[in-house]
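Here the structure is laid out as structure tokens; the discussion comes afterwards.
Every number for a ligand or one of its atoms is a count from 1 in the order of the listing. Computed from a predicted model, the values in this text were never measured in an experiment.
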Amino acid sequence: MSDQYAVIGSPIGHTKSPLIHGLFAQETRQDMSYTAIEGPLEPQDAFAATVRAFIAAGGKGMNVTAPFKLKAFAMADERSERAELAGAANALSFKDGRIIAENFDGVGLLRDIEVNLNLPMSGKRVLILGAGGAVHGALLPFLAARPAELVVVNRDVAKVKALAAQVVAGGALLACGYGDLEAMGQFDLVVNATSASLTGDLPPVPPGVFSPAGAAYELAYGKRLTPFLRLARNAGVRTIADGVGMLVEQAAEAFAWWRGVRPETRPVIDRLTVPLD
Ligand code: NDP
């Protein structure tokens, strides 16, 4: 029987993961199957029971998406440093009766920015909007890329300050509120890691943070020109992108972790890209 993998989430109908991993498996000639599982929201322990049933049936690994990333983290026997900081897992590996938790959201985002978009972060002023799960996963990889400054803002300022306090980062990391941005000038890269775009909303970011020679990155994908990307474009920003590349890159990281072979991501990104305009 092929090695079995799955993505678990709720709702899971929209997931692109089986398509992405199917294309990776085809390209790297891996004998594996990859399905989507609608995870149970109730009762409290039903998620863990579903994961354990998958393991008992021979499952080798899982991707985990909303709203189960915290539960997946909590049930793991071992956790990577990235997963620890995120307090969340987006990938699990099942080995020798143990559950190992990883979080590839941040490295996937970084790789899309630095490699696919050719925007090295070293020495740059970088602004991240939001302090949710995605930002928890992104902080360590972003800091490792050595930006001159990494500013993280959130509506709930206490939340973003608490997150920054967990990270030992020297002077490069600053957490604050949107109101502080007016005085901070332009950033080379502005990343919208809020969920505002999912409801067609715009985070209260002043247009003055954008640099025309810089870039704006939207984590949501397939939504064309979101209010955030429109604001960036109107501010004259040259490079704008959505999160489809992040989606594919984090999948490639999980695939390489499970199978020991790194798939080509470019053809898969091209296949899934919805033009912004
Ligand atoms: P969370 O629910 O964990 O966090 C949401 C964040 O958005 C919070 O910081 C919240 O602020 C902020 N927020 C929500 N609405 C607004 C608003 N109107 N104005 C300003 N801030 C707002 O979400 P995630 O971190 O899991 O996901 C964030 C985004 O990233 C989503 O769009 C998601 O789809 C996308 N994503 C994309 C991935 C990819 O592969 N491309 C992977 C993972 C996520 P507050 O705390 O003040 O409420």
Which of the numbered atoms in ligand 1 are below 4.0 angstrom from a heavy atom of [X]?
X    : value
L198 : 31 (C), 32 (O), 34 (O)
Y221 : 39 (C), 41 (N)
D156 : 46 (O), 47 (O)
G130 : 9 (O)
A196 : 15 (N), 16 (C), 17 (C), 18 (N)

(message) I'd like to know whether N116 forms a side-chain hydrogen bond (donor to acceptor under 3.5 Å, both in side chains) with E249, so could you lay out the CA-CA distance, the side-chain angles of the two residues, the decisive distance to 0.1 Å, and finally the verdict.
(response) CA-CA 10 Å; N116 298 335; E249 292 297 343; 2.9 Å; yes
If we only count N/O pairs under 3.5 Å, is [X] in contact with ligand 1?
X    : result
R155 : yes
K69  : no
A131 : yes
Q250 : no
D201 : no
G243 : yes

(message) Just checking Y34 against Y5, ring centres under 6.0 Å apart?
(response) no
Protein contact to [atom] [nearest heavy atom, distance to 0.1 Å]:
atom                    : result
atom 7 (O) of ligand 1  : S195 N, 3.1 Å
atom 26 (O) of ligand 1 : A134 N, 4.0 Å
atom 39 (C) of ligand 1 : M246 SD, 3.5 Å
atom 3 (O) of ligand 1  : G133 N, 2.9 Å
atom 4 (O) of ligand 1  : G132 CA, 3.3 Å
atom 8 (C) of ligand 1  : N154 OD1, 3.9 Å

(request) Pick, from V244, L219, T194, the option with the minimum heavy-atom distance to atom 31 (C) of ligand 1. (result) T194
(request) Would you tell me which option among P203, A138, P227 has the nearest heavy-atom contact to atom 19 (N) of ligand 1? (result) P203
(message) Surrounding CZ of R224 (heavy atoms of other residues, nucleotides or ligands, distance under 6.0 Å), is the total greater than 12?
(response) yes
(message) Counting only heavy atoms not in R262 (residues, nucleotides, ligands), do more than 12 fall under 6.0 Å from its CZ?
(response) yes
(message) With a heavy-atom distance limit of 4.0 Å, tell me whether L109 approaches ligand 1 through its side chain, its backbone, both, or neither.
(response) neither
(request) Measure K159 to ligand 1 on non-hydrogen atoms and call it side chain, backbone, both or neither using the 4.0 Å cut-off. (result) side chain
Do the side chains of [Y] and [X] get nearer than 4.5 Å, heavy atoms only?
X    : Y    : result
I269 : P267 : no
K124 : E149 : no
R111 : E253 : yes

(message) Does the Lys NZ or Arg CZ of R82 fall within the cation-pi geometry relative to F104 - under 6.0 Å from the ring centre and within 45° of the axis?
(response) no
(message) Pair R259, T28 - check side chain to side chain contact (heavy atoms under 4.5 Å, CB included), show working.
(response) CA-CA 10 Å; R259 307 300 301 180; T28 58; over 6 Å; no
(message) Checking S17 against N63 for the side-chain hydrogen bond (donor to acceptor under 3.5 Å, both in side chains) test, could you report, in this order, the C-alpha distance in whole Å, the side-chain angles of both residues, the deciding distance, and whether it holds?
(response) CA-CA 8 Å; S17 293; N63 284 121; 4.9 Å; no
(request) Look at K95 together with D77 and state whether they make a salt bridge at an N to O cut-off of under 4.0 Å. (result) no
(request) Check whether any heavy atom of A193 sits under 4.0 Å from an atom of ligand 1. (result) yes
(message) We want to know whether S2 and D31 form a side-chain donor-acceptor pair, criterion being a heavy-atom distance below 3.5 angstrom.
(response) yes
(message) Assess, by modelled atom type and distance only, whether the side chains of S33 and Q4 contain a donor and an acceptor separated by less than 3.5 Å.
(response) no
